[in-house]
Amino acid sequence: MLEAMMAAEVGDDVFRADPTVNQLEAKAAALFGKEAALFCPSGTMTNQIAIKVHTNPLDELICDHFSHVYQYETGGYAFNSGVAVNLIQGTNGKITGLQVEAAIKPVFDWLPKSRLVVLENTCNKGGGSYYLLEEIKPIRAVCDRHGLGLHLDGARLFNALIETGESTLDYGKVFDTVSICLSKGLGAPVGSLLIGSADFIREARRFRKVMGGGMRQAGYLAAAGIYALDHHVTRLKEDHRRARDLASCLEELDWVENLRPVQSNILIFDVVGPTSAQDVLDQLKAKGIQASGFGPQTIRFVTHLDFDDRMLEIVCSTLKQVTGS
Ligand SMILES: *Cc1c(COP(=O)(O)O)cnc(C)c1O
């Protein structure tokens, strides 16, 4: 990947004159059968731009209460777009067409206007849960009936697709816009893509500029993204296998409870007994193992490109030595 980056032909993407950025954007658009794509520095930016272009102030977006756009984007939907959020209590971050239909508000002067549905696949806070297209199609039908846009926060979409065997082209047909992250499981250092119609992406490009996301010589980063899409998708299966192996280790520990269903590369579990999540995280960190706190008693592990079988063994043996176990 580093060699591909160093060999990249670059230019000024503010003038759309960076051939490698153009190549990545064309590749992403083609992957989803869409007209255009936009390379951005982060997934927060692609989601925020999508919300901005889909909505007007005083609208609302509908999403699960675990959604990244609600939980982890600094309330940007309100700051950038002036919209409200209508939260659904889904199952492990997943919502249904019936729930969306019930959440849509009638048109009154005193209510925000329901305008956009955002789905997350896989869902981070849902423990890496994924949708089947058959579950998404009823949501699409509800959006069509009520004139709502449908955006996919697909930061980890390829983790879902590698499990379901479904295709990006099918996703392009169901969603108006899709965001994918190159810097998560795909292992690129920087970057996300927003994918949609030519009109949508033309507007999106203006908002990327006003957010300060227009970049020069970004082709060095785009080259990493092209490499990641070409080489790091099918190997995601390995991350999922290691996550399942890690789940087997966790299930044997008496201080671990309520391990959420492990469906992809994310494990979320609760810590019980006298110890706390922070205490366990500190003990792991002392052994060079990084994990995230997801609450006072909750921990998240993520398996990834740089996590191999030898490391898996070390993590399992270290977990057995955690005091309180
Ligand atoms: C990481 C992530 C994003 C984007 O986050 P950035 O840190 O801004 O790149 C968006 N959605 C989900 C579900 C994510 O996991």
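Just so you know, residue 1 is the first one in the sequence shown, and it goes up from there. In listed order, ligands and their atoms are each counted from 1.
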Can you find a non-hydrogen atom of Arg156 under 4.0 Å from ligand 1?
->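 The answer is yes: ligand 1 sits under 4.0 Å from a heavy atom of Arg156.
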Using a 4.5 Å side-chain heavy-atom cut-off and chaining through intermediate ILVMFWY residues, the residues clustered with Phe79 come out as none
Please confirm whether Gly43 comes within less than 3.5 Å of ligand 1 when only nitrogen or oxygen atoms on both sides are compared.
-> yes
Is it the side chain (CB and beyond), the backbone, both or neither of [X] that lies under 4.0 Å from ligand 1, heavy atoms counted?
{"X": "Val69", "result": "neither"}
{"X": "Lys184", "result": "side chain"}
{"X": "Asp153", "result": "side chain"}

Over 12 foreign heavy atoms within 6.0 Å of CD, Gln71 = yes
Salt bridge (Lys or Arg N to Asp or Glu O under 4.0 Å) partner of Asp13, chosen from Lys209, Arg216, Arg208 = Arg208
Got the closest protein heavy atom to atom 13 (C) of ligand 1, with its distance?
-> Glu120 OE2, 3.1 Å
Looking only at protein heavy atoms, which one is nearest to atom 7 (O) of ligand 1, and how far off is it?
->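 In this structure, atom 7 (O) of ligand 1 has Thr44 OG1, 4.3 Å as its nearest protein heavy atom.
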Out of curiosity, Thr298 OG1 to Phe269 CZ, how far, rounded to the nearest 0.5 Å?
-> 9.0 Å
Rounded to the nearest 0.5 Å, what's the gap from CG on Leu132 to NZ on Lys137? Could you check?
-> 10.5 Å
Those residues that, when tested against His54, pass side-chain hydrogen bond (donor to acceptor under 3.5 Å, both in side chains) (two or more places apart) |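 His54 satisfies side-chain hydrogen bond (donor to acceptor under 3.5 Å, both in side chains) with Thr177 once adjacent residues are dropped.
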